[in-house]
Visitor: 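Can you read through this structure? Questions will come right after.
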Number of protein chains: 2
Amino acid sequence: MSQQRHGSTPGGTGDVPAFPDLPEATIARLPEYLRALHNLGEGGADTISSEGLAAAAGVNSAKLRKDLSHLGSYGTRGVGYDVALLIEQIEYVLGLDQRRAVCLVGVGNLGHALAGYDGFASRGFKIVALFDADPAKVGERIHGLVVRHIDELSEVAVEESIAIGVIATPAGAAQAVADELVAAGVTSILNFAPCVLSVPANVDVRKVDLAIELQILSFHEHRKASLTALPGGRSATGAGTQEAVGS
Amino acid sequence: MSQQRHGSTPGGTGDVPAFPDLPEATIARLPEYLRALHNLGEGGADTISSEGLAAAAGVNSAKLRKDLSHLGSYGTRGVGYDVALLIEQIEYVLGLDQRRAVCLVGVGNLGHALAGYDGFASRGFKIVALFDADPAKVGERIHGLVVRHIDELSEVAVEESIAIGVIATPAGAAQAVADELVAAGVTSILNFAPCVLSVPANVDVRKVDLAIELQILSFHEHRKASLTALPGGRSATGAGTQEAVGS
DNA sequence: AGGCGCTTGTGAAGGCGTGCACAAATCGCG
DNA sequence: CGCGATTTGTGCACGCCTTCACAAGCGCCT
Ligand SMILES: NC(=O)c1ccc[n+]([C@@H]2O[C@H](COP(=O)([O-])OP(=O)(O)OC[C@H]3O[C@@H](n4cnc5c(N)ncnc54)[C@H](O)[C@@H]3O)[C@@H](O)[C@H]2O)c1
Ligand SMILES: NC(=O)c1ccc[n+]([C@@H]2O[C@H](COP(=O)([O-])OP(=O)(O)OC[C@H]3O[C@@H](n4cnc5c(N)ncnc54)[C@H](O)[C@@H]3O)[C@@H](O)[C@H]2O)c1
């Protein structure tokens, strides 16, 4: 525990990240580990074993170790992982050491909820601008931010160095909004509208579609129902196993 | 086009679904195909090629064909897929031929938005009950539904045959709510709280965590930024390729 | 009626991700 | 100072998923 070397992360000379190539599946799980670590840290834990952290994150412990090994060796055999150090490492890899500016387009039902969500701020993001096309909404004040007209997007995006945009408009407007975001220099988009977006290759899009989530659950309900007719009525209701469903 | 046989789906004698075992990855994409098909159908298309449907759904056409082939042979070589027939098929497989009852627990910021979302109704679901623990919220009327106290959950769930529950409470309350949902007979849960849920093995859980989505985008921003220092300034801004990000 | 172009359905190959099982490493204790 | 208990890091094998490439099937046009 003597030297608390961070590998080559902060304080490095060249400070070149140059992640080899973290598996996509791994980076999708890092945020979950991070959340679990924060919980554990608040609980007063100094170190945590892979088994413990895996349980807190709802994954297999071997998978967790392999994931973390991709970042480097930040654990101590026989002891576990230093919680604070690991938090720092994951936050660095995810680029959360700097608070990232986010803009939100479409301040309707969903947009209102998102604008008022404090879970963003506590996890590395700051909503710095709200946009809408409806003149009736422009000027409205939400959680300390004034809704601006979508035409101002480009100007504000540059001014505030916004790299991430959230789309919460109806599906019909989403592609047009995406185009405007891209034109304004945004290179990452989180899309809540149920539609496919076309964007240049250097722009990342992630989509959240609640109806799809429900439909997947519906399928499993359908399947489960079709098996109810089986003998051996008692279902395999185990102890309290986490039912992990693909990312 | 003469005989419109549905394989063995509706109107079958035994009517036993007995899906062999659709790959998990496939069923996660079926809802996307379904949405694309509805769009195309409204656009007046009678049939659609795998290429066209794949484009509309943002996937590779070979993947789409393989996915659909798991449901049976519902295409016509040289022509494509019958839009209406395929919609019917997918909806059957997903169990959407019956409108599924959903309850929502936690009518706060996010819960309000979800309760008022019409995208559920149009895609096979009906929110039949809202619950909250806050006495100040109980009794409130939202979009035609009255918020009920969480203690009534079990009673209402049985009465309305609710199999799917949505959790939109703070993370601290989510596990307790999940336990109550399970006790009330709910076997599928959509969880918006940023935490891991422990449930019996026969219960499916899907989680939506917005901060995680943003953190994944942040990683890609971080990585992109670390490559900016490269020569050849012009980024590989292709035509308009969809940037598919894992499901 | 026959041929031609188009599209589906699928065999095969390759890549990715997962999980087991164990060697290597570290700590604490006698 | 050495030993056993504990936990990490990883080699390996297996299975799933994706993608290519193509034969089989279908309709249309001549
Ligand atoms: N409400 C929900 O709970 C919910 C859930 C899942 C998905 N969604 C999806 O999220 C999106 C928004 O849902 P909502 O319920 O908030 O809808 P909404 O109609 O309440 O809000 C949409 C907002 O977008 C604005 N808008 C429209 N066109 C615009 C444009 N070109 N530029 C900028 N702003 C524009 C509108 O003025 C409106 O304020 C929809 O695509 C919906 O399918 C909503
Ligand atoms: N608001 C958002 O945009 C947003 C975005 C992503 C995730 N989330 C997550 O969704 C959840 C809800 O967020 P929110 O902003 O709506 O919070 P909120 O505080 O506005 O609402 C939470 C609601 O849950 C109710 N509640 C608390 N304990 C309960 C219990 N035991 N049983 C039933 N109801 C209970 C509260 O009375 C309140 O009405 C949180 O976990 C949050 O992290 C919210």
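First the proteins, then the strands, lettered A, B, ... as listed; each starts at 1.
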Visitor: Kindly say if Ser49(A) contacts the phosphate of dT7(D), meaning a side-chain N or O under 4.0 Å from OP1 or OP2.
Guide: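 No, because none of the side-chain N or O atoms of Ser49(A) sits under 4.0 Å from OP1 or OP2 of dT7(D).
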Visitor: Rounded to whole angstrom units, what separation is found between the CG atom of Asp82(A) and the P atom of dT7(D)?
Guide: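 Rounded to whole Å, this separation is 16 Å.
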Visitor: Kindly say if Ser50(B) contacts the phosphate of dT7(C), meaning a side-chain N or O under 4.0 Å from OP1 or OP2.
Guide: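 Ser50(B) to dT7(C) OP1/OP2: no side-chain N or O under 4.0 Å.
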Visitor: With respect to the side chain of Ala62(A), which nucleotide from dG9(D), dA21(C), dC17(D) is positioned closest?
Guide: dA21(C)
Visitor: When you compare the side chains of Ser198(A) and Gln175(A), does any donor N or O come within less than 3.5 Å of an acceptor on the partner?
Guide: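 Side-chain D/A pair, Ser198(A) to Gln175(A): absent.
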Visitor: Check the distance between dT7(D)'s P and Leu64(A)'s CG and give it to me in whole angstrom.
Guide: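 One finds 14 Å between P of dT7(D) and CG of Leu64(A), rounded.
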Visitor: Given Val166(A), which partner from the list Val105(A), Val208(A), Leu114(A), Asn191(A) fulfils the side-chain contact (heavy atoms from CB on, under 4.5 Å) test?
Guide: Leu114(A)
Visitor: State which of dT8(C), dG11(C), dG17(C) makes the closest approach to the side chain of Tyr81(B).
Guide: dT8(C)
Visitor: Using a heavy-atom cut-off of under 4.0 Å over every strand shown, decide if Thr26(B) touches base, sugar-phosphate, or nothing.
Guide: nothing
Visitor: Strictly below 4.0 Å: does Asn60(A) bring a side-chain N or O up to OP1 or OP2 of dG17(C)?
Guide: no
Visitor: For nucleotides 2-6 of chain D, print each protein N/O atom paired with a nucleotide N/O atom at under 3.5 Å, atom names and distance only.
Guide:
none

Visitor: For the side chain of Ser69(B), starting at C-beta, report the closest nucleotide among dG17(C), dT10(C), dC26(D).
Guide: dT10(C)
Visitor: Look at Asp209(A) together with Arg123(B) and state whether they make a salt bridge at an N to O cut-off of under 4.0 Å.
Guide: yes
Visitor: To the nearest Å, how far apart are Ile48(B) CD1 and dT7(C) P?
Guide: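 About 10 Å, once rounded to whole Å.
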Visitor: Side chain of Arg29(A) only, heavy atoms from C-beta on: which candidate in dG9(D), dC22(D), dT18(C) is closest?
Guide: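 Output: dT18(C).
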Visitor: Donor-acceptor pair, Arg206(B) side chain versus Ser188(B) backbone, under 3.5 Å?
Guide: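 Flag not set: sc Arg206(B) to bb Ser188(B) has no pair under 3.5 Å.
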Visitor: Give a yes/no on whether any side-chain N or O of Lys66(A) is located under 4.0 angstrom from OP1 or OP2 of dT10(D).
Guide: no
Visitor: Using a 4.5 Å cut-off on heavy atoms from C-beta on, say whether the side chain of Tyr74(A) contacts that of Asp82(A).
Guide: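 No, every pair of side-chain atoms sits at 4.5 Å or beyond.
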Visitor: At less than 4.0 Å, is any side-chain N or O atom of Thr76(B) found next to OP1 or OP2 of dC26(D)? Yes or no.
Guide: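 Checking Thr76(B) against dC26(D): no side-chain N or O falls below 4.0 Å of OP1 or OP2.
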Visitor: Between Leu68(B) and Arg65(A), which residue's closest nucleotide on DNA chain C lies nearer the 5′ terminus?
Guide: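 Nearest-nucleotide comparison on DNA chain C picks Leu68(B).
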Visitor: What's the closest nucleotide to the Glu24(A) side chain, out of dG17(C), dT8(C), dG19(C)?
Guide: dG17(C)
Visitor: Between atom NZ in Lys63(B) and atom P in dT10(C), what is the gap in whole Å?
Guide: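 Distance check: Lys63(B) NZ to dT10(C) P gives 19 Å.
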